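Note sheet for the following structure.
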Amino acid sequence: MPASPDVRFDVPEPDVFTRPYWDAAAEGRLLLRHCAACERFHHYPREFCPYCWSDAGQWRVASGRASLYTWSVVHRNDLPPFGERVPYVAAVVDLAEGPRMMTEVVECEEARLRVGMEVTVTFRPGGPGSSVPVFRPAPHEYAPGGA
């Protein structure tokens, strides 16, 4: 059964715990959880540290820098609004702070993608008052339309 065209699958559904993450994204800032007990960052946002199980996590602003770990070019997606965006690059990036993050790479030709490519965070509107972090090539990596 096809999804209703009024339903969107790219809009976050914040809860009480993740609200700071999504509010910061709407303001153009990427937050990560940082554990005060073991001093490690982690992502996706959760209330406990996946390394030491401490609940001493705090929100910290991330640098927004990352490197491309892997990707796949999606040519078909029937869920709204993804079908309007194909082809798009679903990716995993290694954030400068350590964790890996599932995301999308934008503003880059498929042929220019490479493992280790430096990328920086940008934000795509995700609906009223919300934004979703995505990544684009760092300025020194790629100039759109360049050689």
Side-chain angles (χ1 to χ4, degrees), residues 1-35 38-51 57-147:
M1 168 185 265
S4 164
D6 298 333
V7 176
R8 290 186 59 160
F9 292 89
D10 67 333
V11 178
E13 292 185 28
D15 58 26
V16 171
F17 178 73
T18 62
R19 171 78 50 203
Y21 177 84
W22 294 112
D23 286 350
E27 297 169 357
R29 295 179 296 126
L30 178 63
L31 294 185
L32 296 176
R33 293 292 286 178
H34 180 264
C35 178
C38 72
E39 296 294 322
R40 292 180 76 177
F41 284 94
H42 62 270
H43 186 77
Y44 64 92
R46 53 197 133 185
E47 296 183 50
F48 62 90
C49 175
Y51 303 107
Q58 304 163 340
W59 293 106
R60 296 247 179 111
V61 177
S63 68
R65 295 185 332 266
S67 63
L68 186 57
Y69 176 73
T70 191
W71 71 92
S72 180
V73 179
V74 178
H75 293 276
R76 180 175 177 169
N77 188 333
D78 295 331
L79 297 175
F82 297 106
E84 301 163 8
R85 295 185 192 151
V86 294
Y88 63 89
V89 178
V92 176
V93 297
D94 286 326
L95 299 170
E97 291 78 7
R100 284 195 171 136
M101 178 179 180
M102 292 181 66
T103 187
E104 183 179 342
V105 174
V106 297
E107 302 174 22
C108 185
E109 298 165 6
E110 178 181 341
R112 304 296 294 260
L113 297 168
R114 64 177 174 73
V115 170
M117 172 184 242
E118 292 182 37
V119 292
T120 58
V121 74
T122 189
F123 295 86
R124 177 187 16 251
S130 69
S131 291
V132 177
V134 295
F135 286 77
R136 66 178 165 216
H140 69 276
E141 285 281 0
Y142 173 71

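Just so it is clear, the model here is predicted, and its values are computed rather than measured.
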* Asked: Looking at NE2 of His34 and CH2 of Trp59, how far apart are the two atoms once the value is rounded to the nearest 0.5 Å?
  -> 13.5 Å
* Any idea which heavy atoms bring Pro99 and His43 closest together, and the distance? -> CB-N, 3.8 Å
* State the CG-CZ distance between Leu95 and Arg100, to the nearest 0.5 angstrom. => 10.5 Å
* Asked: Roughly how far, to the nearest 0.5 Å, is the CD atom of Glu104 from the CH2 atom of Trp71?
  -> 15.0 Å
* Close side-chain approach of Met117 and Val105, heavy atoms under 4.5 Å -> no
* Asked: Do Phe17 and Pro45 come close enough that some side-chain heavy atom pair is under 4.5 Å?
  -> yes
* Asked: Could you state the interatomic distance from CZ (Phe123) to CZ (Arg29), rounded to the nearest 0.5 Å?
  -> 9.0 Å
* Using a 4.5 Å cut-off on heavy atoms from C-beta on, say whether the side chain of Thr122 contacts that of Arg124. => no
* Side chain to side chain, Phe41 and Cys49, heavy atoms closer than 4.5 Å -> no
* Nearest-0.5 Å distance, CG of residue Leu30 to OG of residue Ser131 -> 12.0 Å
* Asked: So do Val106 and Arg136 actually touch side chain to side chain, heavy atoms under 4.5 Å?
  -> yes
* Any Glu141 side-chain heavy atom under 4.5 Å of Cys108 side chain -> no
* To do: Provide the closest heavy-atom pair for Val93 versus Val119 in the form atom of the first, atom of the second, distance.
  => CG1-CG2, 4.0 Å
* Asked: Judged by atom type as modelled, is there a donor-acceptor pair below 3.5 Å linking the side chain of Glu118 to the main-chain atoms of Arg65?
  -> no
* Return the minimal non-hydrogen interatomic distance between Glu97 and Ser63, and the atom names on each side. => OE2-N, 2.6 Å
* Got more than 12 heavy atoms from elsewhere within 6.0 Å of CD, Glu39? -> yes
* **Distance (rounded to the nearest 0.5 Å) between Glu84 CD and Asn77 CG** => 11.0 Å
* Minimum heavy-atom distance between Thr120 and Pro137, given as atom pair plus value -> OG1-O, 4.3 Å
* Got more than 12 heavy atoms from elsewhere within 6.0 Å of OH, Tyr69? -> no
* **Val121 side chain reached by Phe135 side chain, heavy atoms, under 4.5 Å** => yes
